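Quick caveat: nothing in here was measured; it's all calculated off a predicted structure.
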Amino acid sequence: MKKIVTFGEVMMRLSPPGYAKFSQATSLDIDYGGGEANVAIALAYMGMKACHVTRLPDNIIGKSATQYLRQHWIDTDHILYGDTRMGLYFLEKGAVHRSSEIVYEREDSAFSKIEAEMIQWEEILEGADCFHWTGITPAISRGAAKACLKAIQVSNSMGIMVSGDIHSRKSLWKYGLSKQDIIPDLVSGSNVVIASTYDMYDIFGIGKSESNFETSAKTLQEKFPLIQKVVDKDREVLSASHNRIKGKMWNGSKLLTTPFYDVTHVIDRVGTGDAYAAGLIYGLVNHKKDEVALKFAAASCALKHTVEGDANMVSNEEVTRLVEGNGLGDIKR
C-alpha cells in the first residue's frame with residue numbers, strides 16, 4: 001500500500017446549516033479541515049495509507065479533531081499537542097449569484113507555535129512514497145516554515161517524492177517574512193509543483209500574471225532542476241453553483257490538458273483544490289501515465305464539488321468511473 005505524509009494545520013470549520021447566511025443562523029455545523037489534511041483524507045479514501053502531522057490544542061477540542069482524522073483512516077500517531085487554542089474558520093456557503101464567504105481566526109493557534117525540533121521526520125517518513133505541503137503552512141509562523149523545510153530536506157535525502165501546492169494567502173504572512181522569502185527554498189526541494197501563472201509571477205518574478213502557462217512552467221523548471229512536473233487547473237465560474245474544471249500539466253517535455261468537467265450543481269467548493277492535488281498524487285505514486293494522473297486530478301476535483309465538508313470522500317472506483325467517462329450519476333447496485 002502506497003503511503004502519503006502531509007503536514008499542516010487542522011482547523012475547526014463553523015457554518016450555518018445548508019445555505020443560510022450568518023444573520024439567519026441560530027446554530028452552526030462543526031467540521032474539521034485544512035488543506036494538507038484534506039489531501040491525506042482524500043487519498044485514504046482512494047486506498048492509500050495516509051499520515052498527517054500537525055499540532056493541536058491539548059484539550060477536548062484538539063482530541064475531537066484527532067478523532068475526526070481517525071474516523072477517516074488517517075494515521076494520527078505523530079500529532080503533537082500543546083497550548084489551548086484551535087484555529088477556526090467560519091464559512092457562509094454561497095449559491096447561484098451569491099458568493100461564499102470565509103472568515104479566519106487562526107492567530108496564536110496551537111499549530112502556529114510548532115517548532116522544527118519537535119518533529120522526528122526520519123521516523124515519520126520511513127516507507128513514505130510522497131510528502132505533500134502547501135504554501136499555507138509556511139505562512140502561519142516561522143516555526144511552521146522551518147518544520148516544512150526540514151520535512152522536504154529529509155524527504156530529498158530519503159528519495160521520497162515531494163509535492164507542493166504553492167498557492168498562499170498574503171494576509172497570513174504576519175511574522176516578518178513573506179512568501180517570496182520562504183517558498184523558493186521549499187520549491188527547490190520539490191518534484192511536483194502545483195502553481196498558477198500568477199503564483200509563478202508573484203513569488204518568483206517569472207513572466208507576468210497572465211503569461212502563458214507552458215512558458216512560465218518551463219522557466220520554473222529551469223530555475224529549480226528537481227521539479228519534474230508543474231501542474232495547475234483552469235476554473236470557469238459561471239455562478240457559485242455552476243463551475244467548469246480543466247486540468248493542465250507541463251511534464252518537462254510537453255503540455256498535457258484534460259477536457260472540461262461541467263459541475264452544474266456545486267454542493268461545497270471548499271477543498272476542491274486539495275482534491276485535485278490528491279488525485280494527482282494518487283496517479284503519480286501508482287505509476288500511472290502523466291495523462292492518466294492528470295485526469296485523476298481533474299476528476300477528483302470535479303467530484304469534490306458534490307461532497308459536503310472540507311475533504312473529498314470518494315473512492316478510487318468512483319474517480320476511475322468518471323475518468324473513464326461514466327459521469328451520469330446513475331444508481332450503482
Side-chain angles (χ1 to χ4, degrees), residues 2-7 35-36 38-40 42-43 46 48 125 128-136 148 151-153 155-156 158-168 183-204 206-207 211-235 245-259 261 272-302 319 323:
K2 302 295 185 178
K3 177 181 175 180
I4 176 78
V5 176
T6 56
F7 173 58
E36 304 83 3
N38 295 341
V39 172
L43 285 168
M46 293 175 71
M48 287 180 60
L125 289 162
D129 296 279
C130 180
F131 171 74
H132 179 72
W133 63 277
T134 79
I136 301 298
C148 191
I152 292 170
Q153 292 171 337
S155 296
N156 291 160
M158 296 174 70
I160 297 166
M161 184 181 86
V162 176
S163 165
D165 182 345
I166 71 172
H167 178 70
S168 188
I183 288 182
D185 284 342
L186 307 181
V187 168
S188 69
S190 299
N191 310 115
V192 179
V193 173
I194 300 173
S196 67
T197 53
Y198 176 78
D199 292 326
M200 290 184 269
Y201 167 72
D202 183 43
I203 298 173
F204 308 106
I206 292 173
S211 292
N212 175 272
F213 175 76
E214 180 178 348
T215 301
S216 294
K218 287 179 180 178
T219 304
L220 185 69
Q221 190 176 43
E222 291 168 0
K223 185 177 181 69
F224 299 104
L226 284 186
I227 296 176
Q228 299 169 5
K229 307 174 199 306
V230 183
V231 189
D232 194 23
K233 65 180 182 297
D234 291 329
R235 179 188 294 274
I245 305 297
K246 175 182 179 180
K248 56 187 178 183
M249 173 197 292
W250 168 253
N251 69 355
S253 60
K254 61 181 178 179
L255 180 69
L256 306 174
T257 60
T258 71
Y261 284 105
T272 54
D274 305 322
Y276 185 85
L280 177 70
I281 292 168
Y282 180 88
L284 294 177
V285 301
N286 284 284
H287 308 298
K288 297 183 181 296
K289 293 181 179 179
D290 289 344
E291 293 88 343
V292 177
L294 188 63
K295 289 178 180 178
F296 261 75
S300 177
C301 177
V319 178
V323 167

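Distance CE/M200 to CG/L220: 6.0 Å, rounded to 0.5 Å. The OG atom of S168 sits 6.5 Å away from the CD1 atom of I203 when rounded to the nearest 0.5 Å. From C301, atom SG reaches atom OH of Y261 across 10.5 Å, with rounding to the nearest 0.5 Å. Note that the CG atom of D129 and the CE atom of M48 stand 6.0 Å from one another [nearest 0.5 Å]. The distance from the CG atom of N286 to the NZ atom of K2 is 6.0 Å, given to the nearest 0.5 Å. For the atom pair CD (E291) and OG1 (T257), the distance works out to 10.0 Å, reported to the nearest 0.5 Å.
With hydrogens and angles disregarded, a donor-acceptor distance shorter than 3.5 Å links the side chain of N191 to the backbone of V162. Side chain of S300 to main chain of A275: a donor-acceptor pair is present (N/O by atom type, distance under 3.5 Å, no hydrogens or angles). Looking at S190, its side chain never comes within 3.5 Å of a backbone N or O of V193 through a donor-acceptor pair. Formation of a donor-acceptor pair under 3.5 Å by the N156 side chain with backbone atoms of Q153 is not found in this model. Q221 places a side-chain N or O within donor-acceptor distance of the main-chain N or O of I227, the cut-off being under 3.5 Å. Put simply, the side chain of T258 never gets that close to the backbone of A298: no donor and acceptor are under 3.5 Å apart. Not one N or O on the side chain of Y282 forms a donor-acceptor pair closer than 3.5 Å with the backbone of A293.
Using a 3.5 Å distance cut-off with no hydrogens or angles, the side chains of T6 and H132 do not pair a donor with an acceptor. Looking only at atom types and distance, the side chain of N251 has a donor-acceptor partner in the side chain of S253 under 3.5 Å away. Counted by atom type alone, W133 and E36 present zero donor-acceptor pairs between their side chains at under 3.5 Å.
In this structure, L256 and K254 approach most closely via the heavy-atom pair CD2-CE, 3.6 Å. Nearest heavy-atom pair, V323 versus A299, reported as atom, atom and distance to 0.1 Å: CG2-CB, 3.7 Å. Across A278 and V39, no two heavy atoms sit closer than the pair CB-O, 3.9 Å. Scanning all heavy atoms of the two residues, the minimum distance from G279 to F296 falls at O-CB, 3.4 Å. Looking at every heavy atom in both residues, A128 comes nearest to V5 through CB-CG2, 4.0 Å.
The salt bridge (Lys or Arg N to Asp or Glu O under 4.0 Å) contacts involving residues 185-197 comprise nothing, where partners must be two or more places apart or lie in separate chains.
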K218 and E222: CA distance, side-chain angles, deciding distance, salt bridge (charged side-chain N to carboxylate O under 4.0 Å, His left out) verdict: CA-CA 6 Å; K218 287 179 180 178; E222 291 168 0; over 6 Å; no
Stepwise, does the side-chain contact (heavy atoms from CB on, under 4.5 Å) test hold for F204 with I166? CA-CA 11 Å; F204 308 106; I166 71 172; 3.7 Å; yes
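Heavy-atom neighbours of K295 NZ from other residues, nucleotides or ligands within 6.0 Å: at or below the threshold of 12.
Here the rule is side-chain contact (heavy atoms from CB on, under 4.5 Å) with I194, and of V230, T134, L280 only L280 fits it.
Residues F131 and F7 place their aromatic rings such that the two centres sit no closer than 6.0 Å.
A cation-pi arrangement is present between K248 and F213 under the rule of less than 6.0 angstrom and at most 45 degrees off the ring axis.
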